[in-house]
Every structure is written in C-alpha cells, then in structure tokens.
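The analysis underlying the following values was restricted to heavy atoms, covering all of them including side chains, and did not include hydrogens, waters or symmetry mates. Nothing here was measured: the structure is a model prediction, and the numbers come from that model.
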Amino acid sequence: QVQLVESGGGLVQTGGSLRLSCAASERTFTIYTMGWFRLAPGKEREFVAAISWSGGSTYYADTVKGRFTISRDNAKNTVYLQMNSLKPEETDVYYCAAARRPYTGRAPADFGSWGQGTQVTVAS
C-alpha cells in the first residue's frame with residue numbers, strides 16, 4: 001500500500017483559508033485516484049473531494065463546491081486541498097486517501113490507503 005502523509009492543518013478563523021498537502025511514498029503515484037475525507041467525533045467519515053490520476057477530473061461534495069479546490073502535482077507525488085471561506089462546522093480531522101484504480105465513487109470503501117489525518121480547527 002502507498003504511504004500517505006498529510007500536513008497543513010491548523011487553527012484558522014471563520015472565513016479563513018488553509019491548504020492541506022498529502023505526500024505519497026510511491027513513484028507510481030500517477031496511477032492513483034486521490035481523495036480527501038473528513039471526520040468529526042461521533043460522525044461518519046465524509047467525502048470532501050477527489051481527483052483523477054491525471055488531474056483532469058475532479059469531484060466535490062456539494063457542501064464544499066466553489067470553496068475548496070483539489071489539485072495534484074505528480075512530479076512531487078503530492079495532492080493538495082485548498083480550502084477557502086472555512087466554517088466552524090468544518091472543524092474536523094482531514095484524511096488523504098488513495099485508490100489504485102480510476103475513480104469509482106466517493107465512499108470510504110472506494111479508497112484503499114489512508115493517511116494519519118491532520119486536524120483543522122475553524123474558530124468562530
């Protein structure tokens with residue numbers, strides 16, 4: 001399995017921005033569909049965004065569309081999540097995920113590898 005390491009989380013004010021990064025260990029990074037999920041205590045893991053291996057296709061949860069942008073740099077084996085206009089209810093642990101196949105869906109089960117997560121806290 002590919003190893004994933006997230007970074008970029010932290011504390012931000014309502015309406016602020018953060019950019020999360022996820023570095024992958026494999027040189028075959030280009031064959032992976034990459035995604036971001038988030039998890040709050042007592043809730044189920046929630047899909048945020050995903051991106052195809054080429055970066056040509058992106059997918060977003062309705063709740064973040066227009067505010068978040070997922071991108072990838074295959075030369076650096078890294079995927080990013082730019083988050084703008086953050087809201088307090090988006091305080092969560094954000095997880096990077098990888099699927100060794102084309103995009104098949106936004107369920108956690110569609111992704112086989114996960115990072116350890118990075119905390120994002122949006123202060124009201």
[X]-[Y] co-clustered via ILVMFWY side chain contacts under 4.5 Å:
X      : Y     : answer
Val12  : Leu81 : yes
Tyr94  : Val2  : yes
Val120 : Val48 : yes

Please confirm whether the backbone N or O of [Y] pairs with a side-chain atom of [X], one donor and one acceptor, at under 3.5 Å?
X     : Y      : answer
Thr33 : Arg101 : yes
Thr14 : Ala123 : yes
Asn74 : Trp53  : yes
Thr58 : Ile51  : no
Asp92 : Ala40  : yes
Glu6  : Cys96  : yes

Identify the two heavy atoms, one from [X] and one from [Y], that lie closest to each other, and give their separation to 0.1 Å.
X     : Y      : value
Val93 : Gly117 : CG1-CA, 3.8 Å
Thr63 : Arg67  : O-NH2, 2.8 Å
Glu90 : Ser85  : OE1-O, 4.3 Å
Ser17 : Asn84  : OG-OD1, 2.9 Å

ask   = Taking the side chain as C-beta and beyond, is there a heavy-atom pair between Gln119 and Thr91 under 4.5 Å?
value =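 SC-SC contact between Gln119 and Thr91 confirmed.
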
message = Walk me through whether Tyr80 and Ser71 qualify under side chain to side chain contact (heavy atoms under 4.5 Å, CB included).
response = CA-CA 5 Å; Tyr80 305 97; Ser71 61; 3.6 Å; yes

query = Just one of Glu44, Glu46, Glu89 clears the salt bridge (Lys or Arg N to Asp or Glu O under 4.0 Å) bar with Arg38, so which one?
reply =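 Answer after filtering Glu44, Glu46, Glu89: Glu46.
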
ask   = Should Gln13 and Leu86 be marked as a side chain to side chain contact (heavy atoms under 4.5 Å, CB included) after you check the CA-CA gap, both sets of side-chain angles, and the distance that decides it?
value = CA-CA 8 Å; Gln13 296 296 313; Leu86 282 160; over 6 Å; no

query = Are Leu20 and Met83 close enough, and set up right, to give a side chain to side chain contact (heavy atoms under 4.5 Å, CB included), and what steps lead you there?
reply = CA-CA 8 Å; Leu20 305 182; Met83 306 186 295; 3.8 Å; yes

Euclidean distance, [Y] [atom2] relative to [X] [atom1], rounded to 0.5 Å:
X     : Y      : atom1 : atom2 : result
Ile70 : Ser52  : CD1   : OG    : 9.5 Å
Ser21 : Arg72  : OG    : CZ    : 13.5 Å
Tyr60 : Phe47  : OH    : CZ    : 9.5 Å
Leu18 : Thr118 : CG    : OG1   : 8.5 Å
Met34 : Leu4   : CE    : CG    : 5.0 Å

query = Between Phe37 and Phe111, does a side chain to side chain contact (heavy atoms under 4.5 Å, CB included) hold up when you go through it step by step?
reply = CA-CA 10 Å; Phe37 288 75; Phe111 295 82; 3.7 Å; yes

message = Tell me whether the rings of Trp114 and Tyr95 are parallel (<30°), tilted (30 to 60°) or perpendicular (>60°).
response =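 The arrangement is perpendicular - the two ring planes meet at more than 60°.
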
task = Flag this pair as yes if the NZ/CZ of Arg106 is under 6.0 angstrom from the six-membered ring centre of Tyr59 and inside a 45 degree cone about the axis; otherwise no.
result =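 No, Arg106 and Tyr59 do not form such a contact.
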
